[in-house]
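Keep in mind it's a predicted model, so treat the numbers as computed, not measured. Note that the numbering runs from 1 along the sequence shown for the chain.
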Amino acid sequence: MPKSLRVALVLVLGLLLSLPVAALPKNGELKYTFDFNNRCRQAYQAMIALRIADANRLLQDEQRDNPENLIPVMLANYDDCLTLLFNGNAAEYKARKANFSKRLDMLEKGDQLSPWYNYCIGSLYFQWAAVYIRFNENFSAGTAFRKSFLTLKDNRKKFPDFRYNQVLLGVEETVVGTIPDSYKWITNILGMRGDVKRGVGQIADFLNHRDGSASVLREEAIFYYCYLKFFLLSDQKAVWKYLDESDLDMRNNHLYVFLKANLALNDNKAAVAEQVLSGRSQVAGYLQAPIFDYQMGVALMQKTDEDCLGYFQRFLNKYKGNLFVKDAYQKMAYYCLSVGNLPQGIVYKNKILQSGTAQTDADKQAQRFAENVPMPNPFLLKARLLCDGGYFSQALGVLKGKRAGDFPDIADKLEFNYRYARIYTLMGQPERAIPFYEATIRTGSTRQEHYAARSALELGQIYEQEGQNDKAIASYRQCISMKNHDYKSSLDQKAKAGINRLGGKS
């Protein structure tokens with residue numbers, strides 16, 4: 001991620017269009033209120049579980065019975081946000097885009113003396129900022145994000161005991177905290193200041209209070225907390241401890257399924273991802289998000305299971321967006337190449353050039369893979385897939401008996417050294433990993449492959465865990481200093497977050 005936080009989900013258009021605007025009765029103006037009553041809570045929980053049709057039925061019932069209640073207007077926006085983030089359908093985005101201004105007009109009719117007034121408006125701007133980013137409308141995203149930030153900040157000043165401010169403000173202050181110091185003057189002028197630890201701490205404080213002052217929005221706060229702590233604080237152990245000790249419903253709440261599977265696939269736990277994806281409820285009524293097929297494809301690819309091809313193909317058949325399409329074809333090519341099926345690997349490689357867009361780091365890397373004539377070394381590729389999936393013994397077995405000097409290509413030498421380092425790191429043997437990371441940096445710091453930059457990042461994480469903060473900051477800065485390599489945006493963001501954690505200047 002961790003591009004700070006990019007997530008995804010979907011629903012039926014007809015239900016949405018009939019939902020958010022409550023008409024004024026003929027006998028005069030309603031006095032609009034914000035009542036997060038029991039039915040609204042049930043609707044919120046259904047929405048977060050991705051039972052969006054059920055949620056919309058509850059919201060329609062609430063608007064019919066209590067047309068003055070504006071909480072359903074705010075909750076209806078979750079439908080747009082989840083649907084558009086997960087499915088990325090440009091036609092659906094065009095159809096739903098006008099809902100933002102309609103909902104904003106309704107919410108602004110509410111009671112300004114209620115702390116929910118600014119919170120609902122801030123939430124609306126926050127969710128649409130994420131949607132705008134999803135559809136590459138970056139200026140609109142920045143404007144919406146700033147309005148959300150300032151609205152929620154003002155709400156905290158007016159209602160300091162309203163704990164719900166902590167949820168989204170915590171996320172936003174964390175994101176602002178990852179901006180490098182050289183650009184902080186811009187955010188200061190715009191009235192936005194943030195800090196990674198403080199932002200995550202706000203969400204943690206919200207979750208730790210069980211005094212009744214914050215009885216809703218917990219599911220959402222848990223989602224944000226796990227993502228931010230995992231990716232920006234790099235505290236994966238704490239997140240897994242939290243998930244393992246919690247009673248989160250990993251069967252019936254599909255947003256939690258997505259969360260745990262995504263974290264697992266980013267933490268060398270393919271078997272965990274496969275288990276949670278297989279165990280989710282398959283009953284009718286859930287949002288049918290193609291992302292689950294993509295996640296299962298990745299989990300199976302990382303143990304070199306041929307069934308991964310079927311899941312990737314289902315994702316491509318059902319998905320209406322453009323992001324991660326190139327990446328999916330690259331992963332299909334990788335599987336075929338890793339098992340020695342060069343002809344089929346070439347077929348999938350060629351499809352990368354014909355499909356999707358190169359907007360995300362993963363898709364950009366896939367595009368470069370497709371444009372380059374050389375194919376990856378199948379021996380190293382198989383070790384990589386097994387390592388990424390957490391099958392470390394098998395990966396070491398593939399590498400056993402080889403040396404970097406056995407590979408004539410510099411890119412292969414880099415990957416060989418990096419792969420050994422990564423496996424040793426993941427096996428809890430950092431002292432054996434460090435020399436391999438250092439060798440990778442010496443050879444690859446000016447090359448397009450990401451291995452040297454990632455090695456610097458992971459060296460920083462090793463030194464940070466050992467309490468050698470100066471060496472950690474130096475390694476993070478070395479990561480940022482490397483130019484024009486694959487995954488630069490995401491690696492730089494993680495390095496900046498590391499420097500922020502340690503109190504340095506990025």
Side-chain angles (χ1 to χ4, degrees), residues 261-278 293-316 324 326-349 351-352 361-363 365-366 368-370 372 374-402 404 406-407 409 411-427 433 436 440 449-451 454-455 458 486-487 490:
N262 198 30
L263 297 183
L265 293 174
N266 279 278
D267 200 31
N268 310 96
K269 293 179 172 58
V272 173
E274 182 181 355
Q275 180 184 39
V276 70
L277 289 165
S278 299
D293 288 322
Y294 173 87
Q295 289 181 319
M296 182 63 86
V298 176
L300 295 176
M301 177 199 67
Q302 290 179 346
K303 69 174 185 180
T304 61
D305 186 327
E306 185 179 8
D307 288 346
C308 71
L309 297 177
Y311 281 98
F312 283 130
Q313 193 60 58
R314 278 195 288 275
F315 164 75
L316 292 166
F324 302 108
K326 292 181 182 293
D327 176 65
Y329 278 124
Q330 182 186 35
K331 287 177 166 52
M332 297 170 83
Y334 274 179
Y335 166 76
C336 293
L337 295 173
S338 74
V339 297
N341 189 348
L342 179 61
Q344 191 59 44
I346 293 174
V347 170
Y348 290 129
K349 180 181 180 184
K351 287 186 176 182
I352 296 171
D361 278 349
D363 287 327
Q365 200 278 332
R368 285 192 284 268
F369 163 74
N372 289 334
M375 300 293 273
N377 184 296
F379 167 84
L380 293 173
L381 182 57
K382 186 172 185 178
R384 170 188 168 180
L385 297 182
L386 291 168
C387 172
D388 288 347
Y391 302 101
F392 305 130
S393 297
Q394 295 95 313
L396 281 177
V398 173
L399 295 175
K400 188 176 181 181
K402 296 284 185 178
D406 296 333
F407 301 93
D409 187 81
D412 290 344
K413 295 180 190 293
L414 289 173
E415 182 169 4
F416 179 85
N417 282 325
Y418 172 78
R419 193 61 51 204
Y420 252 120
R422 184 65 178 149
I423 293 171
Y424 283 136
T425 299
L426 295 169
M427 294 179 72
F436 285 102
T440 306
E449 296 88 5
H450 68 288
Y451 299 116
R454 191 174 291 273
S455 293
E458 292 177 9
D486 298 337
Y487 300 106
S490 58

Any donor-acceptor N/O pair, D486 side chain to E449 backbone, under 3.5 Å: no
Presence of salt bridge, D388 and R384, under 4.0 angstrom: yes
Between CG on residue L414 and CZ on residue R419, distance to nearest 0.5 Å: 11.5 Å
Heavy-atom side-chain proximity of Q313 to M332 below 4.5 angstrom: yes
Aromatic plane relationship, Y420 with Y424 - under 30° parallel, 30 to 60° tilted, over 60° perpendicular: parallel
Over all atoms of both residues, closest heavy-atom pair of D361 and S490: OD2-N, 3.0 Å
Side chain proximity check, M375 to I346, heavy atoms < 4.5 angstrom: yes
pair N417-Y451: side-chain heavy atoms closer than 4.5 Å: no
Exercise: identify the closest heavy-atom pair between Y487 and H450: CD1-CG, 3.9 Å
Main-chain N/O of G389 paired with N268 side-chain donor or acceptor, under 3.5 Å: no
From N262 atom CG to D267 atom CG, the distance as rounded to the nearest 0.5 Å: 11.0 Å
M427 side chain near I423 side chain, heavy-atom distance below 4.5 Å: yes
Donor-acceptor contact present, side-chain K326 to main-chain A366, <3.5 Å: no
Selection residues 296-312 - residue pairs positive for salt bridge (charged side-chain N to carboxylate O under 4.0 Å, His left out), sequence neighbours left out: E274-K303
Exercise: identify the closest heavy-atom pair between C336 and Y348: SG-CE1, 3.7 Å
Taking every non-hydrogen atom, the tightest pair across P378 and L337: CB-O, 3.3 Å
Greater than 12 external heavy atoms within 6.0 Å of K382's NZ: no
Side chain proximity check, L399 to L380, heavy atoms < 4.5 angstrom: yes
Ring geometry between Y294 and F312 (parallel below 30°, tilted from 30 to 60°, perpendicular above 60°): perpendicular
Closest non-hydrogen atom pair, N372 against K349: O-NZ, 2.6 Å
Flag for E458-Y418: side-chain donor and acceptor within less than 3.5 Å: yes
Separation between OG of S338 and CG of L381, rounded to the nearest 0.5 Å: 5.5 Å
Sidechain-backbone polar pair: D327 side chain, D363 backbone, donor-acceptor under 3.5 Å: no
Plane angle bin for F369 and Y334 - parallel if under 30°, tilted between 30 and 60°, otherwise perpendicular: perpendicular
Y311 atom OH: more than 12 heavy-atom contacts under 6.0 Å: no
Backbone of F379 reached by a side-chain donor or acceptor of N377 within 3.5 Å: yes
C308 side, atom SG; M296 side, atom CE - distance, nearest 0.5 Å: 11.5 Å
Verdict with reasoning, V298 to Q295, per side chain to side chain contact (heavy atoms under 4.5 Å, CB included): CA-CA 5 Å; V298 176; Q295 289 181 319; 5.8 Å; no
R314 side, atom CZ; L309 side, atom CG - distance, nearest 0.5 Å: 11.0 Å
Q394/V398 under side chain to side chain contact (heavy atoms under 4.5 Å, CB included): CA gap, chis, key distance, verdict: CA-CA 6 Å; Q394 295 95 313; V398 173; 5.8 Å; no
Y391 side chain to Q302 side chain, donor-acceptor N/O pair below 3.5 angstrom: no
Whether D406 side chain and K402 backbone form a donor-acceptor pair below 3.5 Å: no
Considering all heavy atoms, the nearest C387-A395 contact: N-CB, 3.9 Å
